[in-house]
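Beneath this line is the structure, given in structure tokens, with notes to follow.
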Amino acid sequence: MTRQDVRAAREGEPLGVDAWRTTHLDGGERLQVVDTVATVLAGVYTHLPAKRAAYASDPVQALVLLRRRAVELSDAEFHLAVTGILAGLRDAHTRYLGPAALRGHVAVLPFLVEEYGPPHDLHHLVSTVNAEATSAPVDPGFAAGVEVLEWNGVPIARAVQVHADRESGGRADSRRARALESLTFRALDYGPPPDEHWVIVGYRTEDGSFAEARFDWRVVEPGRAGTAVRAASRGALKVAVDPAAEAVRRAKKLQFVPGLWASDDAPAAPARPADPVPVAGEWIETPMQDVVAARALDDEIGHLRLWSFDLDDDDAYLDEVTRLLGLLPTGGLVVDLRGNPGGLVWAAERALQLFTDRPVVPTRFSLAATPLTRQMAASPFNRMELEAWHDSLQDAVSTGELYAQPLPLTDPAWCNDRGRAYPGPAVAVVDANTYSSGDLFAAGWVDNDIGPLVAVGAATGGGGANVWTLTQLRDALVGTDVTLGPLPAGAGMTVAIRRAVRSGRGDGIPIEDLGVPGQPYTMTRDDLLHANRDLLATCRSLLVGGPPSDTGEAP
Amino acid sequence: MWAIRGRVVALADDRATRGSSRSTGAFTGRVWIDDDGRIAAVTRSTRPGPRRFDGCPVVDVWPSLVMPGLIDFHNHLAYDTLPLWTEPSQTQPFAHHSSWPRAATYAASTTWPAYALATACPQELLAYVETKAIVGGTTSIQGSPPMNRPRDGWLVRQIDDESFGTGDRNMVLVSVLTATPAALADRANRMRAGSLFVYHCAEGRRGSLVAREYTDAEAAGCLQPQFVAIHANAVDGQDYARWRDAGAVVWSPFSNLWLYGETTDVPGARAAGLTVCLGSDWAPSGTKHVLGELKSARIVADHLGWDLDDETIVRMATCDAGDVLARGWGRQTGRIRPGAIADLVVVRAPRGAPPFRTIVGATEDDIDLVVIDGVARYGTPALTAAAHAPDLTPLPVGRRSMRLSLTRPDDGVTRWTWGDVTDRLEEVRADPRREIEGARARFAAWGGALDDPDAPLRLALDMPTGLGPVGGLPRDLSAISVPPLESLVHDDAWLASVGGRGFHGGVLDALRDYYG
């Protein structure tokens, strides 16, 4: 990929006219969408009983009602209505994909906003700026460190709060974390495009005065890395990911580290086990840079960044992580999963063994006990995938159990087939955007007593399920009484199909919405502006003793 | 329209056809085959056929035998490329059908390779296993793997799927895995509405735990004439006697002895008035086709001292099975008589050879022509040419070069060569992981309805998957190894694999007497 190619990809296109408004679905096609979504939710959605209880709402009934008026709506209103019903589930796994016109696109603004401080005194800082964005020349005063005060004329805290109401996330803090992210990045596969074509940001300059800057939304196609899980691979049905967050992660990478983004599809460099001990602070070169990074913080502590578990070959991944761990100082390790949107369940659960001598027990998954899941488990076409749940689904008819027996997706033997790779103590760090397979990793970390878990905010994001696409679900309905056709205009959906519950110390506790709590930590201004300085200091104190950071909340 | 002249083993139940042939079982005559795939007439000696057949070709095979096509009433086709399987660590016969799937080597030896072929090259897999059946004179076979879209027969008549062009898939219902009492009750009612129900029932050693499957079926109301109990070897004559509206049991002597060291109580079943049919089961524990199972039946009956003559054994795979099928199909197979479906086999025989002993003793080398639905599908070059068999491809079978009528199943008209079939199977064998993933990608790319006739064909495995991780397959698909394709015939290598393995105590070693 040439430099011009990268620049063009980074620049993207103007948001333009909303494809949701220009892709017309006639009345019959809308009913196909509504009926399919209703069938999926009522038939296989694993969290339906819990969501009905938690949010006092019934998405299936909402779809029944939408069906009555679907024809009367504009296209945009229709798609927003479907999206809204699914968004009400507060489940990033279960999403409606609108018409295919914007498939793979992410709307972006050329900066990031992050927050610090306790909940009652939150401050919002611009943490990163893409100064090379040419579509809207950036005011020189708008730089990392300025405090955002207003968003399109609305006080920033209120703007985030309003947006959080549209976001997934079972807790207020997880919704706010996603809302904050979606201020500047939105995956257009899974939600409506921004209503506005540009944003006016009111901010406090370094000299304390108030200024405004305007930024146009642009649309980019971040694609997926060559190492990402493939639709046809063995693990494709063993994925737990927030697909929208993964797309946003990729878009951020394109915007702020385009060089790395451009090398995603480059041939992997051979591993170099003879690499010298790295220079403190410098990231070690790795062929799997899309999902992992490692560096020595000093001659004592290492830092392993697990960006994502969106990878296809978990063996190659474990090989590479093992190699990187072998290059890090052994006095202690910070395993950082903040913002990890998940991916291949096997990768997350098998990686745990690299940090402990204890046998690792994986999380377990179960199907909701419904007539349709019973049929699916009985279908000869699903023998390999679902047969293990067959008997307990049948038993549920007479026992009244809401779920089938929970069983691991990752064979326990695979979770212990390599053994420990890092000899020192380790602490894991998560936040409310650590999701899905990220949640599973955090749960395994805690439940297998691997080490302390530091949670920025209250807990991980709380995505406790294995997620399938509509195509995968259609495939699994062969042999049942239910047939789902492809949706019109390339629309689709993803659905949480198997609910995860924790094992070991947290045996039986669901992950959805609750997330995995850890020792709470509140981000500081220095964290945002100085590479997580206080956070890492807190982690160091957990690893080697000594006082925690003055500014971070005491663990 | 055409006719075959030979020594007709009619096994007819109408006096006009049967005549006095019961004494020898065969008469010289001609079988007149209509364009609708049915037998128009059967005539003795030189008597003419129906007038409208005047001048039609007559294929003369005399003194060879013209008999009904063989009916294999129990198989699992998806596994029929595999070799015989035993669990090395197993020292005692298995107790029942849930015992051997728990063996350590079961999944890797059966489920995984069958999955690879069924997923990556379903059409070629079916071509191979159906050809293996037709080489043994099979014209109807039970055990078609479940499919995502209807398939109305292709090479060999599929008992599970056959609808005779009507699209009615309820003529024959099948369940391999143990059904719940409620499901059995539903099947009982479906049988009362006219369906035939073929059910894996009480497969195991006599008195073992699975005997309750028979009582469950009884409690559900399944003991009807339309009920076909496969194996039912965990129960005996006393249990069969309660089946007053007698149905059928399917006997798989080789597989039973191989796994359990004992077999179905055939005399007890016959004494209870049940119809006994034959099935070769599946390649991991069975003969290669029902022609081999005839010999297994002979050997086992002799070993156990049962009073079963050769004719009785032949009837199990022809007219008796055909009569049972007729309860669901409403059409007759397994007999040569006017109106019956023209599924026929020509078995090479010298003049005067006793027909039933000849049939029981026949090997693949003796099957000279197979006719299905009135069309010659397999045979010697001379006979297939004389019978105007369409779309022929050379097919090596043992020492002979035979001809097989083979068209691509996706369009039914494009000629397909045997080399195409085996080449593709070998491609999958060479790299199962790549081929499975490629097939999955094709499934994922298909945007239409999955039961659309143009949808990629998907097959499902119908046997227990065995012990393994959730998901059934190894995490790394590269761990799947597909054994070399089993030959089409009971050759030396296969016979050698029988001796000293399984739990037959040497009884089945006698198969070598037929194939040696």
Side-chain angles (χ1 to χ4, degrees), chain A residues 230-238 312-315 344-346 350 362 364-365 374 378-391 394-395 397-398 405-415 417 466 469 471-472 474-480 483-487 490 492 498, chain B residues 78 107 111-112 114-115 118-119 144-149 174-183 432-452 455-456 458-480:
Chain A
R230 295 169 297 135
S233 75
R234 172 87 178 88
L237 295 173
K238 311 295 189 305
D312 194 68
D313 185 343
D314 50 323
D315 272 326
L344 183 62
V345 173
W346 293 342
R350 293 184 71 207
R364 292 169 296 147
F365 293 78
R374 268 190 288 281
S379 166
F381 295 94
N382 296 327
R383 304 278 308 280
M384 299 299 180
E385 195 59 44
L386 300 178
E387 188 176 54
W389 286 273
H390 174 270
D391 289 353
Q394 295 293 334
D395 290 343
V397 175
S398 51
Q405 173 190 16
L407 297 168
L409 290 186
T410 314
D411 192 287
W414 304 346
C415 294
D417 59 351
N466 167 216
T469 65
T471 301
Q472 290 168 331
R474 288 178 56 214
D475 202 41
L477 293 176
V478 177
T480 72
T483 301
L484 295 179
L487 292 184
R498 289 181 277 213
Chain B
T111 305
W112 298 357
Y115 176 83
T119 302
S144 177
M147 301 174 197
N148 61 317
R149 54 180 167 83
V174 174
S175 179
V176 172
L177 302 179
T178 302
T180 61
R433 174 182 174 164
R434 182 192 66 197
E435 297 291 344
I436 290 170
E437 292 183 348
R440 285 178 169 168
R442 290 192 290 278
F443 297 151
W446 171 255
L450 295 168
D451 57 355
D452 187 291
R458 283 191 59 195
L459 304 181
L461 300 181
D462 59 350
M463 288 294 268
T465 51
L467 292 180
V470 171
L473 295 172
R475 186 177 47 77
D476 179 1
L477 295 178
S478 302
I480 294 177

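By convention in this document, chain letters (A, B, ...) are assigned in the order of the sequence lines, proteins followed by strands, and residues within each chain are numbered from 1.
Side-chain atoms of Arg498(A) and Asn466(A) form a donor-acceptor pair, as typed in the model, at a separation below 3.5 Å.
Contact of Leu177(B) with chain A is made through the side chain alone, with heavy-atom distances under 4.5 Å. For chain A, the nearby parts of Leu461(B) are the backbone and the side chain; heavy atoms of each come within less than 4.5 Å. For a residue to count as touching a neighbouring chain, one of its non-hydrogen atoms must lie under 4.5 Å from one of that chain's; by this rule Asn382(A) does not touch chain B. Interface remark: Arg433(B) contributes side-chain atoms only to the contact with chain A (heavy atom separation under 4.5 Å). In this structure, chain B has a heavy atom under 4.5 Å from the side chain of Asp417(A), while its backbone stays farther away. Contacts of Pro145(B) with chain A are absent, with no heavy-atom separation under 4.5 Å from either backbone or side chain. Contact annotation for Ser233(A): both backbone and side-chain heavy atoms come within less than 4.5 Å of a heavy atom of chain B.
Interface check for chain B: of the options Glu387(A), Met384(A), Gln472(A), the most heavy-atom pairs under 4.5 Å are formed by Met384(A). Ranked by heavy-atom pairs under 4.5 Å with chain A, the list Ala449(B), Ala182(B), Ala445(B), Pro464(B) is led by Pro464(B). Annotation: maximal heavy-atom pairing with chain B below 4.5 Å, among Glu385(A), Arg383(A), Gln394(A), occurs at Arg383(A). When the candidates Asp411(A), Asp475(A), Leu409(A) are compared by the number of heavy-atom contacts under 4.5 Å with chain B, Asp475(A) comes out ahead.
In this structure, the separation between CG on Leu386(A) and CG on Leu237(A) is 8.5 Å, given to the nearest 0.5 Å.
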Given the rule in the side-chain contact (heavy atoms from CB on, under 4.5 Å) test, do Arg350(A) and Val345(A) qualify, once you have shown the distances and angles that lead to the verdict? CA-CA 8 Å; Arg350(A) 293 184 71 207; Val345(A) 173; over 6 Å; no
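The cationic group of Arg458(B) lies under 6.0 Å from the six-membered ring centre of Phe443(B) and within 45° of the ring axis, placing it in a cation-pi geometry.
No salt bridge links Arg234(A) with Glu437(B); every basic N to acidic carboxylate O contact stays at or beyond 4.0 Å.
In terms of heavy-atom proximity, Leu484(A) sits nearest to Arg474(A) at O-NE, 2.8 Å.
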